[in-house]
A.B. asks: 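The structure follows.
All chains are named by letter (A, B, ...) in the order of the sequence lines, taking the proteins before the strands, and each is independently numbered beginning at 1. Remember, it's a predicted structure, so these values are computed and weren't measured experimentally.
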Number of protein chains: 2
Amino acid sequence: MPSRARIPKHFDLALLFSALADRTRLRLLNLMQGREVCVCYFVEVLGQSQPKVSRHLAYLRRAGIVAARREGKWMHYRIVTPPNEGADNILRETLAALADDRLMQADLNRFRRACRAPQKLPALLAAPSPCACTC
Amino acid sequence: MPSRARIPKHFDLALLFSALADRTRLRLLNLMQGREVCVCYFVEVLGQSQPKVSRHLAYLRRAGIVAARREGKWMHYRIVTPPNEGADNILRETLAALADDRLMQADLNRFRRACRAPQKLPALLAAPSPCACTC
DNA sequence: TCAATACATCTGCTTACGCATATATAATTG
DNA sequence: CAATTATATATGCGTAAGCAGATGTATTGA
């Protein structure tokens, strides 16, 4: 990973908004609110294909909104704070708005259910402690 | 296909972000902060073609972010408040972030200069009181 | 080896742009 | 006053670029 020097004063807001301008990516971000989430859980909760989820996560990562951490076979994603204050505020308001959305709340319910009973979902059987989640 | 009985407060955040995910549109929005602006001023200040500016304004209008008012031959655009509280907060933070951007500040300087001396810009000679601006 | 994830590639769709033209209003002219 | 012209803005159209979806394959680690 190239030690990306921190973006100085200029932050491409249009790029940030491009990253946010997709319902799937908003759902991913919503699930990451306050916790780190494993890709396999995204796939399970959203019911989307793994490549699709992976590409959207890569998109968010390129936009500097999320970061990834490897743990063996699994990749865990989490939200990171943008270096730019304005972008940080926008992201914070966005996450707050998502929390008010019914569909997003439904996603969270499915996520919590999966966390509580991973043994019911074959794809999650081997995953490490479901996630570093607080569910 | 959830036939959800009522989602009155639902607002398509992805659509809002799509509208914001373009540098030209962000520049247009920035110029409209606190005032109504005539299309001819956008063209002059941004140095972009009139059809291009017009299209981006139409995009913002379809997204419910701006509204237009006709005054004779001229069209004035202004920012409107989204009906959704979350969207409103996001838009507010976005405008605040734009105000901190150097390029955006340069645009505003050019705009104020044009407002003070429209006689120097042929395209603005006949325009109605430059704009309902406070420059 | 297997399994989770990343990546390459193809197709279809959406969008932005430039160019030309259409529309709407105002001003001018006969 | 009707008709023409001029001006400001909007829109159709063709092209190019980029993203989404699907599928197959490569890489990585237990």
Side-chain angles (χ1 to χ4, degrees), chain A residues 1 12 14-28 36-63 66-77 114 118 121-131, chain B residues 12 14-28 36-63 66-78 114 118 121-131:
Chain A
M1 229 68 37
D12 190 348
L15 178 65
L16 169 65
F17 289 127
S18 294
L20 298 176
D22 181 279
R23 174 153 294 273
T24 299
R25 289 195 289 270
L26 291 177
R27 294 175 75 187
L28 294 172
E36 208 180 39
V37 180
C38 176
V39 173
C40 57
Y41 272 77
F42 287 130
V43 171
E44 192 61 39
V45 171
L46 298 192
Q48 308 274 338
S49 74
Q50 179 274 321
K52 176 176 174 177
V53 167
S54 186
R55 193 180 46 212
H56 281 298
L57 287 169
Y59 201 119
L60 290 173
R61 193 171 43 183
R62 281 195 301 270
V66 308
R69 177 180 66 85
R70 174 176 286 280
E71 181 180 351
K73 309 184 252 193
W74 295 272
M75 292 286 282
H76 301 270
Y77 284 80
L121 304 163
L124 306 180
L125 270 178
S129 64
C131 48
Chain B
D12 190 348
L15 177 64
L16 169 66
F17 289 127
S18 294
L20 298 176
D22 182 280
R23 175 157 296 274
T24 299
R25 289 197 287 272
L26 291 177
R27 294 175 75 187
L28 294 172
E36 210 181 35
V37 180
C38 177
V39 172
C40 56
Y41 273 77
F42 287 129
V43 171
E44 191 61 39
V45 172
L46 297 194
Q48 307 274 337
S49 73
Q50 178 270 322
K52 177 174 174 178
V53 167
S54 187
R55 278 179 200 286
H56 281 298
L57 288 170
Y59 200 120
L60 290 174
R61 193 171 44 182
R62 281 195 300 273
V66 308
R69 178 180 65 85
R70 176 176 285 280
E71 181 181 354
K73 299 183 271 192
W74 294 271
M75 291 288 282
H76 301 272
Y77 283 81
R78 67 181 180 281
L121 304 163
L124 307 179
L125 270 180
S129 64
C131 47

A.B. asks: How would you list, by chain and number, every residue that makes a salt bridge (Lys or Arg N to Asp or Glu O under 4.0 Å) with B:Arg27, sequence neighbours excluded?
C.D. replies: B:Asp107
A.B. asks: How close or far is atom P of D:dT9 from atom CG of B:Leu60, stated in whole angstroms?
C.D. replies: 16 Å
A.B. asks: For D:dT9, does either OP1 or OP2 sit under 4.0 Å from a side-chain N or O belonging to B:His76?
C.D. replies: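 No, B:His76 has no side-chain N/O under 4.0 Å of OP1/OP2 on D:dT9.
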A.B. asks: Take the protein atom CZ of B:Phe42 and the nucleotide atom P of D:dA10, then report the distance between them rounded to whole Å.
C.D. replies: 11 Å
A.B. asks: Using atom CH2 of B:Trp74 as one end and atom C1' of D:dA10 as the other, report the distance to the nearest whole Å.
C.D. replies: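 Between C1' of D:dA10 and CH2 of B:Trp74: 16 Å.
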A.B. asks: In whole angstrom, what separates A:Arg62's CZ from D:dC19's C1'?
C.D. replies: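 Rounding to the nearest Å, CZ of A:Arg62 and C1' of D:dC19 are 10 Å apart.
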A.B. asks: How many whole angstroms separate atom CZ of B:Arg69 from atom P of C:dT25?
C.D. replies: 14 Å
A.B. asks: In whole Å, what is the span from the NZ atom of B:Lys73 to the C1' atom of D:dA10?
C.D. replies: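 These atoms are roughly 16 Å apart.
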A.B. asks: So what does A:Thr24 hit on the nucleic acid, given a heavy-atom distance under 4.0 Å: a base, only sugar-phosphate, or nothing?
C.D. replies: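 The residue A:Thr24 makes no contact with any strand.
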A.B. asks: Report yes if a side-chain nitrogen or oxygen of A:Lys52 is closer than 4.0 Å to either non-bridging phosphate oxygen (OP1 or OP2) of D:dG21; otherwise report no.
C.D. replies: yes
A.B. asks: Can you tell me how far C1' of C:dA16 sits from NE2 of B:His56, to the nearest Å?
C.D. replies: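 Nearest whole value for this atom pair: 6 Å.
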A.B. asks: Sort me out a list of protein N/O and nucleotides 6-15 of chain C N/O pairs below 3.5 Å, or just none if empty.
C.D. replies:
| residue | atom | partner | partner atom | Å |
| --- | --- | --- | --- | --- |
| C:dA6 | OP1 | A:Tyr77 | OH | 3.0 |
| C:dA6 | OP2 | A:Ser54 | OG | 2.5 |

A.B. asks: Check the distance between D:dG18's P and A:Asp22's CG and give it to me in whole angstrom.
C.D. replies: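 Taking CG of A:Asp22 and P of D:dG18, I get 18 Å after rounding.
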A.B. asks: Ring of B:Tyr59, cation from B:Arg25 - is the NZ or CZ under 6.0 Å from the centre and inside 45° of the axis?
C.D. replies: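 Yes, B:Arg25 lies over the aromatic ring of B:Tyr59.
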